[in-house]
Amino acid sequence: MDLFKESLNRYRLRRTGEMQVDGLVFINEHLLPLVKRDKSLEQLCAAASLPGVVGHVCGMPDIHEGFGLPIGGVMATAEGGVISAGAVGMDINCGVRLLNTNIQAKEVPIPVLRKLLQKIEEYVPTGIGKKSKHRDMDGKIFESVIYQGAGSLIERGCGWSDDLKNTEEKGFLSGASLEAVSRKACERGKEQLGTLGGGNHFIEVQIVEEVYSRVEGDLFGLLPGMLAVMIHTGSRGFGHQICTDYSRSLLGAAKRHGIDLPNRGLACAPVDSKEGRDYYAAMACAVNYAFANRQMITHDVRRAFGDVFGCPPETLGLKLVYDVAHNIAKWEKHNGKKILVHRKGATRALPPGHPQNPPSYIETGHPVLVPGSMGTASYVLTGTEKATESFYSANHGAGRKMSRKSAIKEISRDQFESSMMGVLYNSRNYKELLDEAPVAYKDIDQVVETLVAIGMVRKIARLRPLGVIKGKD
DNA sequence: ATGTAC
């Protein structure tokens, strides 16, 4: 593997062997050794060998090994190129949304915060395999969610009209078709709308700890000392099943279309083939489902705030700052060409003035939401014109540095508890949260500063967790 | 990430 430093925090993986394009890795000296311990750079090289890949295959500073494309990877293909399920990820449209509030954190004593977390948990089922409490949301409503995304729920009173304009793609991707989705996936999906899930998914009550740029902070409704709520979840068992189904069928498709796969995780088919079109249609279903899932949880979080503070939720602010997808493939125009950008553990980060920004954020660029690990800070960023090489993408979080298995084995109780000082969390048994312990993740400040130093993103605000809800069994 | 199994 031929990796060399080209400029500050920017490394080139030069084309060798089957690679069609170079790779670019945005990383600093502190993070690079962590990345070299796993197979993520090899996985970038493998992705660079797929037919029709264009530009550079990119690695973000939070990159780590995944199934197919590494998490923290961006791969774009041209019309006539391929689409790959493993380059989107298991959790299709895993993403983050942020709500602001007009509540001063210092006015909320710990017992009230605890009550708030309990009330949210009462409304939002958390953990693997959990089912929706919105039993009225199955059947017909499932179908409208699949085709209309978050808007379908807002029409039904589970949200405010402004929510949609502050959601990436207005909460819906066109081209969805349930005909491309297995019955099994639908059965799983129907039962899980409005559930959090497990793993790195969370709902956090945060304090706006620092605002770096007043103009954007004011525009996003993020003022120092105020409470905010961050929601991190995706398409649950629905998207997972779709990825599982297509990872298999795309293997056969690749073979039929004469594509020599570097590994099974990158199973793919030409975008204009039957299999490629079907995967896109199924992925769009899961994208819309995930936007709706975050919308439903938003609705439940607002209800919980209203209950605990004893007033209508809209009097507490609770406006949707933004909602971004972290795992998605989308047709976008770059340099005048229509390309299919696969982002897996990467966030779109449009620069100011870009027409795809919502009108209210056109002057600044939309908020880029980057969650830290449980117990550590999250960031709100904006994109810049310098991120053209990554197709206007930024990192999606801190990124793991330990596997779940080794985290459970190696992290002590003392280490866990000291890393969670000052943060409420919903478990008495620290062991069930060990795989998500802050020490299992890279340093979020290092990760964010890597891109800030290059000028690919700007810091707007830093949010510190006060209370976190994680999924557990 | 995930009813951690075809």
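Letters A, B, ... mirror the listed sequences (proteins, then strands); counts begin at 1.
- Within residues 228-238 of chain A, the residues approaching DNA chain B are Arg236(A), Gly237(A), by heavy-atom distance under 4.0 Å.
- A straight line from CZ of Phe67(A) to C1' of dT4(B) spans 14 Å, rounded to a whole angstrom.
- One can place CD1 of Ile92(A) at 12 Å from P of dT2(B), the figure rounded to the nearest angstrom.
- Lys131(A) places its NZ atom 15 Å from the P atom of dT2(B), with the value rounded to the nearest Å.
- Looking only at distances, no side-chain donor or acceptor of His257(A) sits under 3.5 Å from a matching main-chain atom of Ile259(A).
- Protein atom CD1 of Ile408(A) is 15 Å distant from nucleotide atom P of dT4(B), rounded to whole Å.
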Donor-acceptor pairs under 3.5 angstrom involving side-chain atoms of residues 175-187 of chain A: please list them, not counting sequence neighbours.
from      : atom 1 : to        : atom 2 : distance (Å)
Ser177(A) : OG     : Glu179(A) : N      : 3.2
Ser182(A) : OG     : Ala185(A) : N      : 3.1
Ser182(A) : OG     : Asp245(A) : OD2    : 2.6

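- Counting heavy atoms from C-beta outward, Arg462(A) and Val380(A) have side chains that stay 4.5 Å or more apart.
- Remark: P of dT2(B) and CG of Asp435(A) are 12 Å apart, rounded to the nearest angstrom.
- In this structure, Phe220(A) and Asn100(A) approach most closely via the heavy-atom pair O-ND2, 3.2 Å.
- Taking atom CG on Asp245(A) and atom P on dT2(B), their separation rounds to 16 Å, with Å as the unit.
- Gly239(A) comes within 4.0 angstrom of nothing in the nucleic acid, heavy atoms only.
- Note on Glu187(A): nothing from the nucleic acid sits closer than 4.0 angstrom, heavy atoms only.
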Could you go through residues 55-69 of chain A and list every donor-acceptor pair under 3.5 Å that involves a side-chain atom there, pairing it with any protein atom two or more places apart or in another chain?
from     : atom 1 : to        : atom 2 : distance (Å)
Asp62(A) : OD2    : His396(A) : N      : 3.0
Asp62(A) : OD2    : His396(A) : ND1    : 2.5
Asp62(A) : OD2    : Gly397(A) : N      : 3.1
Glu65(A) : OE1    : Lys39(A)  : N      : 3.0

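- Side-chain contact check for Arg303(A) versus Tyr123(A): some heavy-atom pair is nearer than 4.5 Å.
- Side-chain contact between Val341(A) and His334(A) is present, with heavy atoms from C-beta onward closer than 4.5 Å.
- Following rounding to the nearest Å, Met90(A) (CE) and dA5(B) (P) show an atom-to-atom distance of 12 Å.
- For the pair His240(A) NE2 and dT4(B) P, the interatomic distance rounds to 9 Å; values are reported in whole Å.
- Among the protein residues, Arg400(A) comes within range of no part of the nucleic acid, since none of its heavy atoms lies under 4.0 Å from any strand.
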